[in-house]
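The shown structure was predicted, so the numbers you read here are calculated from the model rather than taken from an experiment.
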Amino acid sequence: MIITLVGAGEGVAGMVEAVVVELDERVRERLIRTAVSLKAQVRAVLRARIVLAAAEGLSNGAIARDLAVSVNTVRKWRGRFAALGRDGLKDAARSGRPKVYGPQVALAIVAAATSAPPHPEATWSHRTIAAQVAGTVFVTISASQVGRILADLDLKPHRVRGWLTRRDTVPLENTIRRCELRWCRLVRRRGDTG
């Protein structure tokens, strides 16, 4: 793959021309295969067509008209291919919002929800679980977030019965130990680590 950037002095006065892309045969064949594929994702087909048209020397405006996309879309994928090669045609990783609560908080929620509720209460509420977690792992968490975490884990504290809700005073550490196996299974089933 050969990439050439044509400078401002060679085009229309004051304008920078598009990146000129020349493809070697192997890359061209792979892009053609993607562009005509019936099973490839639509976005991959579009990106391959943009790069192939750019390699033919078409301007960004002409490519945009031919493929019915905006000039900014053509400019983006042409530039990303020029900078990164075929990897530039993949979606960039998105950072998203960072996780606020780690696995320790979720584990403390599971431990609280599967242990006996405080004495006057018959069952746990999201508010009492949030208060319990704030006292054990020293993280302020809202009752609604507790509800979301419990729903995500498909755990209903009002339906917990049996050995988990003994009326004797079970320290939190023992409850956490009992819940670790369940938590690990739930995390594996969900497919993430946090």
Side-chain angles (χ1 to χ4, degrees), residues 34 37 39-48 50 68-194:
T34 301
S37 173
K39 294 186 177 184
Q41 293 181 347
V42 172
R43 60 181 166 221
V45 170
L46 176 65
R47 294 168 191 175
I50 289 171
V69 296
S70 73
V71 175
N72 286 338
T73 301
V74 174
R75 191 177 299 127
K76 173 184 179 177
W77 294 112
R78 186 178 201 157
R80 292 228 343 228
F81 182 82
L84 304 171
R86 288 197 68 235
D87 289 337
L89 298 182
K90 297 177 184 172
D91 287 332
R94 297 179 184 216
S95 62
R97 183 176 175 187
K99 291 186 185 268
V100 177
Y101 304 108
Q104 288 294 358
V105 174
L107 187 59
I109 290 171
V110 170
T114 56
S115 65
H119 176 57
E121 305 289 330
T123 60
W124 284 103
S125 67
H126 295 168
R127 184 173 289 137
T128 56
I129 291 173
Q132 174 75 19
V133 169
T136 56
V137 293
F138 307 108
V139 173
T140 306
I141 187 167
S142 68
S144 59
Q145 182 64 31
V146 168
R148 284 189 288 273
I149 290 172
L150 290 173
D152 193 33
L153 296 172
D154 196 28
L155 188 63
K156 300 172 179 80
H158 63 281
R159 298 194 61 167
V160 175
R161 299 278 187 263
W163 64 272
L164 292 173
T165 56
R166 294 187 314 224
R167 277 291 173 185
D168 61 347
T169 55
V170 177
L172 179 62
E173 293 78 26
N174 291 342
T175 305
I176 288 175
R177 245 183 275 119
R178 279 186 258 139
C179 294
E180 280 178 343
L181 181 60
R182 176 179 167 84
W183 171 249
C184 290
R185 286 182 188 154
L186 290 171
V187 167
R188 269 190 247 122
R189 186 178 77 212
R190 285 180 36 214
D192 66 22
T193 58

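For the atom pair CG (L89) and CD1 (I50), the distance works out to 9.0 Å, reported to the nearest 0.5 Å. Rounding to the nearest 0.5 Å places CD1 of I109 at 11.0 Å from CG of D152.
Heavy-atom minimum distance, T34 versus A40: O-CB, 4.2 Å. The two residues H126 and L150 have their closest heavy-atom pair at CD2-CD1, 4.0 Å. When every heavy atom of A106 is checked against every heavy atom of I149, the shortest pair comes out as CB-CG2, 4.3 Å. Counting all heavy atoms, side chain and backbone alike, I141 lies closest to A130 at O-CB, 3.4 Å.
In this structure, the side chain to side chain donor-acceptor pair (under 3.5 Å) partners of R75, at least two apart in sequence or on a different chain, are N72. D91 is linked by a side chain to side chain contact (heavy atoms under 4.5 Å, CB included) to R43, R47, W77, counting only residues two or more places apart in sequence or in another chain. The side chain to side chain donor-acceptor pair (under 3.5 Å) search around T128 returns S125, not counting sequence neighbours. Legend: residues meeting side chain to side chain donor-acceptor pair (under 3.5 Å) with R127, ordered by chain and number and at least two apart, are absent. Legend: residues meeting salt bridge (Lys or Arg N to Asp or Glu O under 4.0 Å) with K76, ordered by chain and number and at least two apart, are absent. The side chain to side chain contact (heavy atoms under 4.5 Å, CB included) test applied to V137 returns V105, A108, V133, V139, not counting sequence neighbours.
When side chains are defined from C-beta on, L155 counts as touching T114, because their heavy atoms get closer than 4.5 Å.
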